[in-house]
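First up is the structure itself, then whatever we jot down about it.
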Amino acid sequence: MTLPEALPREFFLQPTLAAARALLGQTLVRRFEDGDIATGRIVETEAYRTDDPACHAFRGETKRTKTMFGPAGHAYIHMNYGLHYCLNAVTSPVGCAEAVLIRAVEPLAGLERLHRNYFGDGVPPFDADLPIDKRLGAGPGRLTKAFGIGPGLEGTDLTDVSSGVYLAVGEGVADAEVVTTTRIGITKGAELPWRFYVAASRFISRR
DNA sequence: TAGACGATAGCCT
DNA sequence: GGCTATCGTCTAA
């Protein structure tokens, strides 16, 4: 399979809210160590800005948030609730810490590999004839599990097709299909309408 | 160095 | 709809 073209660095230098909106309809590409490829269409994102109390970097740079203060277009991956990893794309220049959280994707390619990552070799067995299981992409902790994204990929350059994970040019999404709403699962800044999703997608974590 | 808590998901009722 | 597992990081002492 030919690898899709990566998004350019400038994409991640647009204002964070614009980048969160623009990431809908783009493609998440995962290249596994053994050469397997899996891709997904991004259908849900959230913006986190440095002036935002819900942003991990709100209180300044720490060991955890170091990559958010680094160059745009890199992956900020963190664990929360001691159980799940979340994938973010850094969207601000060096010294400024903003990012877009990828909350949901629609699996496009590498379905069997995603299924195995998520469920192991157990149940339910993979069946290419069934509709794609929503758990492979609908939720920030789920997509990282299915795509095998963990702390080992922290800081990865998402604009480089040779990276283990990167973001590629997709078909985009028309404005009429996009819903803008408040963010999920946070207590601070929860009223800010900084979550975007594709209305028609099955793979939305919450409506 | 201890204590609190969080950008969730899965299982139970 | 409610409950809770589980751990890295931050914060205060």
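Order of the sequence lines fixes the chain letters, A, B, ..., with proteins taken first and strands second; residue numbering starts at 1 for each chain.
Boundaries of the chain A contact region on DNA chain B are dG6(B) to dG10(B), first to last in 5' to 3' order (nucleotide atom under 4.0 Å from a heavy atom).
When atom types are taken as modelled, the side chain of R183(A) and the backbone of A47(A) share a donor-acceptor pair closer than 3.5 angstrom. For E112(A) (side chain) and F126(A) (main-chain N/O), no donor-acceptor pair under 3.5 Å exists by modelled atom type.
If you check every strand for non-hydrogen atoms under 4.0 Å, Y85(A) touches nothing. Using a 4.0 Å heavy-atom cutoff across all strands shown, R59(A) reaches sugar-phosphate atoms only and no base atom.
Separating the NE2 atom of H78(A) from the P atom of dT9(C) is a distance of 11 Å, rounded to the nearest angstrom. Between the NE2 atom of H84(A) and the P atom of dG8(C) there is a distance of 14 Å, rounded to whole Å. To the nearest angstrom, C1' of dG8(C) lies 13 Å from CD of E154(A).
Annotated stems with DNA chain C as a participant read B:1-6 with C:7-12, B:8-12 with C:1-5, given as range with range, by first number; only runs of 3 or more Watson-Crick or G-U pairs under 3.5 Å qualify.
In this structure, the separation between CD1 on I186(A) and CG on L101(A) is 10.0 Å, given to the nearest 0.5 Å.
Between E44(A) and R195(A) a salt bridge is recorded (basic side-chain N to carboxylate O distance below 4.0 Å). We find that D36(A) and R30(A) are not joined by a salt bridge, their nearest charged nitrogen and carboxylate oxygen being 4.0 Å or further apart.
Under a cutoff of 6.0 Å and an axis angle of 45°, R135(A) and Y118(A) do not form a cation-pi pair.
Between R135(A) and Y48(A), the residue anchored closer to the 5' end of DNA chain B is Y48(A), taking for each the nucleotide with the nearest heavy atom.
Between the side chains of R9(A) and T159(A), at least one donor N or O lies within less than 3.5 Å of an accepting N or O. A side-chain donor-acceptor contact under 3.5 Å links T91(A) and T16(A).
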